[in-house]
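Working notes for the structure below.
Residues: numbered from 1 along the sequence shown. Atoms within each ligand, like the ligands themselves, are counted from 1 in listed order.
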Amino acid sequence: MRILNPERLDAFFATIATTWDLRLPILLPDASRAIGSFGDGPPALHGGAVLAKPTAAFFPHQGTIFTAADGVLLEPPSPPRPLFVLGFTPRDLDCLCFIDRFFADGWRDDIYFRTRQTAIIAGLSGFCGAGGSLIPPAGGNCDLELFWDHSAWLVIHYSDAGRDIAAELPDSATAAAEELFRQLSSSPPPEEGEAVLRRASELLRANRVPDAFWAEIGDRCIACTGCNLACPTCTCFGVQDWRSATRVERSRMWDSCQLDGFMREAGGHNPLGSEAERTRRRIYHKLAADPEKWGEISCFLCGRCDAACPTGIGIVAVARELVARFG
Ligand code: SF4
Ligand code: SF4
């Protein structure tokens, strides 16, 4: 385990940026934080999960599927420099593992894996959450992890690539710092939201939630799509062609199951024709359909949809209400 003192952080990032396209939490002019390119703003590692999903590095809001000119398919652009993405909380890393499985299933999604398979993933944890709160250690699921111990970053590697990067740092962590990390890794604080989601999942799968509940919750949705756009495990997209006289580019863009047109068919029929049905579908998909298909709930409590929803119907808020009433 290595140690990275705050005054050496910029030099460490500059070294990484010579090899990788480094993305990390940066401070924006409006004082919010986002995952951005190194050099686009001051690094801002403290403050917890950034609101925008870090998985967007591999599944961006808009991505080109192919381009053709004069009826001939053009070769895709040469692969970009490999990414080094820092800023995944442990819950974000769980989300990333889930969508890695999703995009590898059946027809492997080569657009996703073009950037994902060469990327270095770095987690962020320790006493760097909102207001200095503890983000429990990830303990894996990434190449390396930066853990803030109140005065410096401990750098823990989990892969060969992570080991080589950590080896750039000259100083080893103290025995006391290593012990703190081990203790927090072996006994992470309990997460109350997990029990709520599990119970809500059971109730949904047992068909114990009436339509009237979804009518009431759906009434509160203003279709702003913030929940889907923020969610690291939402993977739905629509396809759009951009044409000129000689050229066509097909791209995909994130879609939102809270929008009226999400499942509307060409003939006009809409299987999700009301906000109640769409809201039910958003929650049911993560808590009931995905456990059946993937063996796990596909919400990992990253907190983004509850933070983003202006009307208070993020997944944990809905699950709490559902359990309180039916459970
Ligand atoms: S908390 Fe919300 S945004 Fe985060 S993984 Fe769960 S459903 Fe997605
Ligand atoms: S964030 Fe809330 S209001 Fe906006 S689409 Fe999602 S559920 Fe509806």
Side-chain angles (χ1 to χ4, degrees), residues 34-35 48-59 61 87-103 123-124 129-130 135-136 138 141 191-201 204 213-238 253-264 272-291 293-294 296-323:
I35 302 272
V50 292
L51 187 55
K53 50 182 165 189
T55 48
F58 313 115
F59 178 49
H61 197 178
F88 288 81
T89 66
R91 296 196 174 276
D92 294 341
L93 291 168
D94 289 337
C95 293
L96 181 64
C97 286
F98 182 83
I99 69 164
D100 281 351
R101 287 176 70 200
F102 174 86
F103 281 117
L124 265 187
I135 302 174
N141 278 352
E191 172 54 71
E192 177 257 346
E194 275 170 19
V196 171
L197 287 194
R198 266 199 310 275
R199 184 62 188 142
S201 173
L204 286 169
F213 176 78
W214 297 113
E216 200 183 306
I217 299 290
D219 262 355
R220 297 188 219 160
C221 178
I222 58 169
C224 70
T225 73
C227 49
N228 299 118
L229 301 193
C231 178
T233 63
C234 277
T235 45
C236 291
F237 59 83
M253 283 157 293
W254 295 345
D255 204 346
S256 166
C257 56
Q258 293 288 160
L259 290 176
D260 179 47
F262 179 70
M263 284 186 79
R264 194 173 53 233
L272 293 180
S274 69
E275 273 313 343
E277 288 165 319
R278 293 192 284 277
T279 302
R280 175 186 184 275
R281 190 248 178 225
R282 171 171 62 91
I283 305 294
Y284 187 91
H285 186 188
K286 301 237 189 264
L287 300 187
D290 276 344
K293 176 165 171 59
W294 301 102
E296 60 183 335
I297 289 172
S298 60
C299 169
F300 298 92
L301 292 165
C302 79
R304 287 183 178 83
C305 61
D306 282 283
C309 181
T311 64
I313 51 170
I315 197 165
V316 174
V318 173
R320 277 212 179 94
E321 204 159 327
L322 192 155
V323 170

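For Asp260, the salt bridge (charged side-chain N to carboxylate O under 4.0 Å, His left out) partners two or more places apart in sequence, or in a different chain, are Arg264, Arg278. Looking at residues two or more places apart in sequence or on another chain, you find no salt bridge (charged side-chain N to carboxylate O under 4.0 Å, His left out) involving Asp306.
For Ser274 (side chain) and Glu277 (main-chain N/O), a donor-acceptor pair under 3.5 Å exists by modelled atom type. Although no hydrogens or angles enter the test, the distance criterion places no donor-acceptor pair under 3.5 Å between the side chain of Lys286 and the main chain of Ser298.
Distances below 4.0 Å separate heavy atoms of Thr311 from the following atoms of ligand 2: 3 (S). The Ile313 neighbourhood of ligand 2 comprises atoms 2 (Fe), 7 (S), with distances under 4.0 Å to a heavy atom of that residue. Which parts of ligand 2 touch Gln258 is read off a 4.0 Å heavy-atom cut-off, strictly below it: atoms 5 (S).
Residue contact annotation: Cys221 places no N/O/S atom under 2.8 Å from atom 6 (Fe) of ligand 2. The distance from atom 2 (Fe) of ligand 2 to the nearest N/O/S atom of Cys224 is not under 2.8 Å.
At a threshold of 4.5 Å between non-hydrogen side-chain atoms, the residues Cys236 and Phe262 count as touching. Between Thr233 and Phe102 there is no side-chain heavy-atom pair separated by less than 4.5 Å. By the 4.5 Å heavy-atom criterion applied to side chains, Gln258 and Thr279 are counted as neighbours.
If you look at Ala223 next to ligand 2, the close heavy atoms, those under 4.0 Å, all belong to the backbone.
Evaluation of the side chain to side chain donor-acceptor pair (under 3.5 Å) test over residues 89-98, restricted to residues two or more places apart or in two chains, returns Thr89-Asp92, Arg91-Glu194, Asp92-Arg304, Asp94-Asn141.
Nearest protein heavy-atom contact of atom 5 (S) of ligand 2 is Thr225 N, 3.1 Å. For atom 3 (S) of ligand 2, the nearest protein heavy atom (residue, atom name, distance) is Ile222 N, 3.4 Å. Distance from atom 7 (S) of ligand 2 to its nearest protein heavy atom, with residue and atom name: Arg282 NH2, 3.2 Å. Ranking the protein heavy atoms by distance from atom 1 (S) of ligand 2 puts Cys227 N, 3.3 Å first. Nearest non-hydrogen protein atom to atom 2 (Fe) of ligand 2 is Cys309 SG, 2.3 Å.
Within the 4.0 Å heavy-atom shell around ligand 2 one does not find Glu275.
Interatomic distance, Leu322 CG to Ser201 OG, rounded to the nearest 0.5 Å: 10.5 Å.
Note: Phe98 and Trp294 have perpendicular aromatic rings, judged against thresholds of 30 and 60 degrees for the angle between ring planes.
Side-chain rings of Phe103 and Phe59 approach one another, their centers coming within less than 6.0 Å.
Residue-and-atom listing of protein N/O/S atoms under 2.8 Å from atom 6 (Fe) of ligand 1, sorted by chain and number: Cys299 SG.
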Assess whether side-chain contact (heavy atoms from CB on, under 4.5 Å) is satisfied between Cys257 and His285, documenting all intermediate values. CA-CA 10 Å; Cys257 56; His285 186 188; over 6 Å; no
